[in-house]
2 protein chains.
Amino acid sequence: MEKQEIYPKRLDPFPIRSLKKENLGNQAFEQIKQMIVRGEIPAGKRIIESELAESMGISRTPVREAVHKLGAEGFLKPLPKGGYVVRGLGISDIEETFEIRSILESFAAFLAANRHRHEEILPLEEKIEEFQRSLDNNDLKELARLNTEFHELLYALSRSQRLIKMIYNLRDEIYFLRKIILNSIDMARLSNKDHREIINAIEKRQAKTAEMLVRDHILRGKEFVINEIRKGNVSINHHSF
Amino acid sequence: MEKQEIYPKRLDPFPIRSLKKENLGNQAFEQIKQMIVRGEIPAGKRIIESELAESMGISRTPVREAVHKLGAEGFLKPLPKGGYVVRGLGISDIEETFEIRSILESFAAFLAANRHRHEEILPLEEKIEEFQRSLDNNDLKELARLNTEFHELLYALSRSQRLIKMIYNLRDEIYFLRKIILNSIDMARLSNKDHREIINAIEKRQAKTAEMLVRDHILRGKEFVINEIRKGNVSINHHSF
DNA sequence: AAAATGATAAGTGTCTACAGTTATGGAAAA
DNA sequence: TTTTCCATAACTGTAGACACTTATCATTTT
C-alpha cells in the first residue's frame, strides 16, 4: 500500500478552549486532538510522528511534544516498545465516562447554586430560549453548539477552575457522541426541559435539587446513547486491525 | 548569586505508580514531579530546562518533555512568554481539591460497594489492623504509608480506571499535606475508625452509606487541614518572590 | 510450499545546534 | 546618585542528525 494517509481538514468547529495564538507544540496538540476525537484518525492507528509533522509542515519536535501530552491525557495509548496508538472506546469506557461526568457536573451545579450572582442567570435563560427557537424552526444543526454553550456558562458559575477543567476533559473524550442525543428531536426537547428546571433550581439556590437534576439529566443521556449504540444506530470507533 | 541550585535527592518514598523502567522522559517526569510535590523546588520558582537537565545528567529534550507534561497536569504554570513556574496552592486551591476528592472518592466507594468480590475485603481489613497496631505502638511514621495503601486497595474495587487515575492525580497535587492529619494521634484514631465503618458498609453492599461515610471522612480531613493552616501550624508553599 | 535468514526500511528516543526573545548588568549620561 | 541605554547572557522553541530497536520483505534453504 502507498503511503497516503491524508488527514482531512476542519469539518465543523471544535471548541478550542485556549486559543491564544500559541507555539507550534500547542497548535499541534489541538489539531491532533481534534483529529482523534472526531475519529479522523481511526482508533488503533499508530501515531507516526514524522507523518504528522510532514502533513502539518513542521518538524517532529513540536509534534512529539503534542503526542506525548495527548498520551498523558489518555487520548493515545502507549505501545510497549515506544510510540502510541489512538485509543478506542468500548461501551464500558463510554458508560464510565458518563458516570464520572454525572458526578462532576452535578457537583458543579451544586456549587453554581450556591455561588452564582443573580445577573449571571439571564445569559443562561437566553441560551435556553435560543435553543427553543432552533427546535421550533427545526434548525437542528445549531443545537450542539447551543447545548455546549449552555453547559459552559453553567459550569463557570461553580467558580471551580479545576472542576471545570476536569469536566471539559471528560467531555472531549466522548466528543464524537455529542450529537447523538440532539439528533433525536424528542430527546432534544426533553433536554431543554431539563435545562429549564436546572436553571430554576439554581436561581432559587436549591443546590441539592440542582445537583440531582443534573445527575439525572446526564444519566438519561447515557442510557439513550448506550441504547443507540446497542441498537447499532451509532458506531463507535473500532480498532482498525 | 552563583548558579548553585541543588535539587536534593530522595527524602522518603514517593509512590511511583508506573515504575517499569522507562525512557528518560518519563523518569524525568516522575523525578521532577516529586521535587515539586515535596516542595523541594519552591512555588513560584521558574523551571529552567538546562538546569534540570544538567542536574540529572541528561539533555534538555527529555526534560522538556517532562516539564510540558507537568504543565498539562497543572503542577507547573505557564508563563506568558514561554517557560513555566512551579504553581503555588492557596487555601482556596486546597479546599477545592479536597472537595473534588470528596466527590470522586465517595463515588469510588459507591462503586466498590456494588462491584467488589468478597475475597477482596480481607486485605483491607488487614490494613486496618496493621494501622491499629502502629497506632497502639505509637509508630507514627508508618501511618502515612498504610493509609495510602488502604485507600489504593479501596479504589481498586471500584473497577473504574479513569476514576482511579483522577483520584491519584488529585492526591498528588496535595501530597505535601498528607501527613498533617496523621500527625495528630486523635485524628489518626478517628481516621481508622472511619475506615472500619467504610469497609463495613462496603462489605454489606450498602453503597449509599459507604458513599456518605467517605465523603464525610474526607471533608473532616479538609476541615482539620484548613484549620491547621489557619492556625499557622502548617505552612503551605509560598511564592519565592 | 513453508520456514529460516538477513538486508533494508521505518520509527522512536536522544542529543546538539541555532534562531529569536527576554532579562541582566554595567557603563554612560543626567 | 539615579536613570538610560546597550551589549551580553540566559532561555525557550524549533529543527535536524544520529543511534538503536523493531518490523518488513525478498531470497535462500529445506
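Chain identifiers are assigned alphabetically (A, B, ...) following the order of the sequence lines, protein sequences preceding nucleic acid strands; residue numbering begins at 1 within each chain.
Here D:dC11 presents its C1' atom at 13 Å from CG of B:Leu52, a figure rounded to the nearest Å. Note: CG (A:Leu79) to P (D:dA23) measures 10 Å, nearest angstrom. One interatomic measurement links the two molecules: NZ of A:Lys45 to P of C:dA10, which rounds to 14 Å at whole-angstrom precision. We find that CD of B:Glu51 is positioned 14 Å from C1' of D:dT12, with the value rounded to whole Å. In this structure, A:Ile48 atom CD1 and D:dT24 atom P are separated by 11 Å, rounded to whole Å. Atom CG of A:Asn23 is separated from atom P of D:dA15 by 11 Å (rounded to the nearest Å). One interatomic measurement links the two molecules: CE of A:Met56 to P of D:dG13, which rounds to 16 Å at whole-angstrom precision.
Here the side chain of A:Asn23 pairs a donor or acceptor atom with the backbone of A:Asn26 at under 3.5 angstrom. A distance-only check finds no donor-acceptor pair linking the side chain of A:Arg64 to the backbone of A:Glu49 [under 3.5 Å]. Within the 3.5 Å criterion, the main-chain N or O of B:Ile180 finds no donor-acceptor partner in the side chain of B:Asn183.
Taking the ring axis of A:Tyr175 as reference, the NZ or CZ atom of A:Arg178 stays within 45° of it and closer than 6.0 Å to the ring centre.
Rounded to 10 degrees, the angle between the two end axes of the helix from C:dA1-D:dT30 to C:dA30-D:dT1 is 10°, with five pairs used at each end.
Side-chain proximity of B:Arg46 to the nucleotides C:dT16, D:dC11, D:dG13 is greatest for D:dC11.
Mapping B:Thr61 and B:Gly83 onto DNA chain D by nearest heavy atom places B:Gly83 at the nucleotide closer to the 5' end. For the pair B:Glu49 and A:Ile58, nearest-nucleotide mapping onto DNA chain D gives the more 5' position to B:Glu49. Residue A:Arg64 is the one, among A:Arg64 and B:Lys81, whose nearest nucleotide of DNA chain C lies closer to the 5' end (criterion: closest heavy atom).
A:His68 pairs with exactly one of A:Phe75, A:Phe29, A:Tyr84 by the ring pair (Phe, Tyr, Trp, His ring centres under 6.0 Å) rule, that one being A:Tyr84.
For D:dG13, the base has a donor-acceptor partner in the side chain of B:Arg60 [N/O atoms by modelled type, under 3.5 angstrom].
For the OP1/OP2 pair of C:dG13 and a distance below 4.0 Å, the side-chain nitrogens and oxygens of A:His68 include at least one atom meeting the criterion.
Residue contacts for B:Glu65: at a heavy-atom cut-off of 4.0 Å it reaches no nucleic acid atom on any strand shown.
Ring orientation note: the planes of B:His195 and B:Phe150 are close to parallel, at an angle under 30° on the 30°/60° scale.
Separation of atoms CD (B:Glu223) and CD1 (B:Ile226) is listed at 7.5 Å; rounding is to 0.5 Å.
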